[in-house]
There are 2 protein chains.
Amino acid sequence: MNPKHPVPERLLSAAGDLFARHGFDAASVRQITSRAKANLGAITYHFGSKEALFHAVLDRVGARMSDRFVAIAAERGTPLERIGRIVTMVLTEDNLPAPTLILRELANDRPLPPPLVLHMRRNFGAMIALIRDGQRDGTIRDGDPPLLAMSVMAQPFLMRIASRIPRDIAGVDGSDPDTRRRLVKHVVTTITRSLATTPGDRP
Amino acid sequence: MNPKHPVPERLLSAAGDLFARHGFDAASVRQITSRAKANLGAITYHFGSKEALFHAVLDRVGARMSDRFVAIAAERGTPLERIGRIVTMVLTEDNLPAPTLILRELANDRPLPPPLVLHMRRNFGAMIALIRDGQRDGTIRDGDPPLLAMSVMAQPFLMRIASRIPRDIAGVDGSDPDTRRRLVKHVVTTITRSLATTPGDRP
DNA sequence: GCCGTATTCATACAAACGTATGAACCCAAA
DNA sequence: TTTGGGTTCATACGTTTGTATGAATACGGC
């Protein structure tokens, strides 16, 4: 944790990582402040409480992801191409704790924290708009856009956190760069196939 | 919690539900024993520790799911049909905490508990075998079977825990039976489309 | 009826948790 | 150089955590 950065920033970084890796309850205030090279009281002082820090973290990492999201959605290219680029981004971007944090929150039965709802609405909005565009110009098949958007996001989100599946379950090295490239390509192909009106394998 | 059942059984049930809903750390021993109508010391007495109970839970719910899994895989029908039935089962089966528990464990960076690894290997083994069958008879497209298996499982697993997405994000009522039926149909269609050699939309 | 093992129960314990407190420290403005 | 607000620091507090303890109770074999 670079001590040149201001303390609140360091706390957000450390907390983002630890909340993603261990969950809200298992990541203790002492662990977070120690990794951020800050005093035990720093969280209370700068954010008010552990939960307030958590919400600030969700806001930050959620914003980071949805910014990348809508930026790609606004690029050039067919809707399917841009969807593929978003999927690739979710799978390859470094320091992207958002998917893990979001999945953790979804697994809980308590309501989603407000900042998270906001950013997820932004993500889904962008994805749904892309799908509607594709349906309008005939390159994306019919179907309920929100449902299609969920189907599209499910794979990269899950694959992102399931890097241990290849290793522990299938006995493959998930950290090998070549394996990762194949995985990204596979996911993009699979999603494209499930969305496209004219699958690429047609002669 | 039916008091006619034996105590260890009641503890497993209560713990399965609470671990899935709140996570390992947030589900306290007092909460679990109280819901199981058992004494505070019951977990220590019958299982040895909270973590041992957790592993027993994973073993039980993992076995329940992988039993259903391989049973469907052994039924009649084309590989694609059976995959569709598995997906439907994961999405609709009541009292199936396994997907939530598995996703929670995947989000952690600690190694997967051994009993879970065992059952997931069984699930993936069955799914991979189905995919290989389909590839052999030409009904499922080419592609790395383990990767295809992960793609197939990603959607129902995530949709299962993401029932709040329709409500909180998209503003739809996810508990409405008709909405749920549409969701299941959508997921099966999407997965079939991404796997099949000859998409159904071809004239 | 009595014994002996198995289970339940109330209570105790040390450790870890999130937060509160007040003194110490820093550093720009006066 | 002194002042004062912002920040850091060590420490303490009350709770809650998982587990240990030993007495009380339940219950089948004799």
Side-chain angles (χ1 to χ4, degrees), chain A residues 1-60 101 104-105 107-110 113-115, chain B residues 1-60 101 104-105 107-110 113-115:
Chain A
M1 205 58 46
N2 191 339
K4 278 176 56 183
H5 296 337
V7 173
E9 160 97 20
R10 302 205 309 260
L11 288 172
L12 284 169
S13 273
D17 191 41
L18 290 172
F19 284 148
R21 295 224 316 249
H22 307 314
F24 177 79
D25 294 277
S28 75
V29 166
R30 281 163 180 83
Q31 204 180 354
I32 294 167
T33 50
S34 139
R35 171 194 270 252
K37 297 204 187 319
N39 186 265
L40 173 59
I43 288 176
T44 306
Y45 180 75
H46 288 284
F47 295 93
S49 71
K50 184 189 180 184
E51 201 184 359
L53 167 65
F54 183 54
H55 285 181
V57 164
L58 291 181
D59 195 32
R60 207 175 81 132
L101 291 169
R104 284 199 123 96
E105 283 308 301
N108 291 336
D109 66 343
R110 79 181 114 134
Chain B
M1 202 59 45
N2 191 338
K4 280 177 55 183
H5 296 339
V7 173
E9 161 97 20
R10 301 206 309 262
L11 288 172
L12 285 168
S13 274
D17 189 42
L18 290 172
F19 283 149
R21 294 224 316 250
H22 307 315
F24 178 79
D25 293 277
S28 76
V29 166
R30 282 163 179 82
Q31 204 180 354
I32 294 168
T33 51
S34 140
R35 170 193 271 249
K37 296 202 187 322
N39 186 265
L40 172 59
I43 288 177
T44 307
Y45 180 75
H46 288 285
F47 295 93
S49 71
K50 184 189 181 185
E51 199 184 0
L53 167 66
F54 183 55
H55 285 180
V57 164
L58 290 181
D59 194 31
R60 207 174 81 132
L101 290 169
R104 286 200 121 98
E105 282 308 302
N108 291 337
D109 67 340
R110 79 180 113 136

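Each chain gets a letter, A, B and so on, in the order the sequences are listed, and its residues count up from 1.
- One interatomic measurement links the two molecules: CD of Glu9(B) to C1' of dT7(C), which rounds to 17 Å at whole-angstrom precision.
- Candidate nucleotides dA20(C), dG18(C), dT19(D) were compared by shortest atom distance to the side chain of Thr44(A), and dA20(C) ranks first.
- Going from atom OG of Ser49(B) over to atom NE2 of His55(B) covers 8.5 Å, rounded to the nearest 0.5 Å.
- Nearest nucleotide to the Tyr45(A) side chain, out of dG18(C), dT8(D), dT7(C): dT8(D).
- When rounded to the nearest whole Å, the span between CZ of Arg30(A) and P of dA15(C) equals 14 Å.
- From Glu105(A), atom CD reaches atom CZ of Phe24(A) across 9.0 Å, with rounding to the nearest 0.5 Å.
- Taking every side-chain heavy atom of Leu40(A) into account, dT19(C) is the closest of dT7(D), dT19(C), dT19(D).
- At least one side-chain heavy atom of Leu12(B) sits under 4.5 Å from a side-chain heavy atom of Phe47(B).
- With a 4.5 Å cut-off on side-chain heavy atoms, Leu11(A) and Thr33(A) count as touching.
- Put simply, CZ on Phe47(A) is 16 Å from C1' on dG18(C), counting in whole angstrom units.
- Separating the CG atom of Leu11(B) from the P atom of dC9(C) is a distance of 12 Å, rounded to the nearest angstrom.
- Nearest to the side-chain atoms of His46(A) among the listed nucleotides dA12(D), dT8(D), dG18(D) stands dT8(D).
- Regarding Ile32(A), its CD1 atom lies at a distance of 17 Å from the P atom of dA16(C), rounded to whole Å.
- Within 4.0 Å of Ile43(A), counting heavy atoms only, lies no atom of the nucleic acid at all.
- The separation between Arg10(A) atom CZ and dT8(D) atom C1' is 11 Å, rounded to whole Å.
- Side-chain atoms of Arg10(B) and Arg35(B), non-hydrogen and from C-beta on, never get closer than 4.5 Å to each other.
- Residue Asn39(A) has a polar side-chain atom (N or O) positioned under 4.0 Å from OP1 or OP2 of dA10(D).
- One interatomic measurement links the two molecules: CD of Gln31(A) to P of dA16(C), which rounds to 13 Å at whole-angstrom precision.
- As rounded to whole Å, 10 Å separates atom P of dT17(D) from atom CG of Asp25(A).
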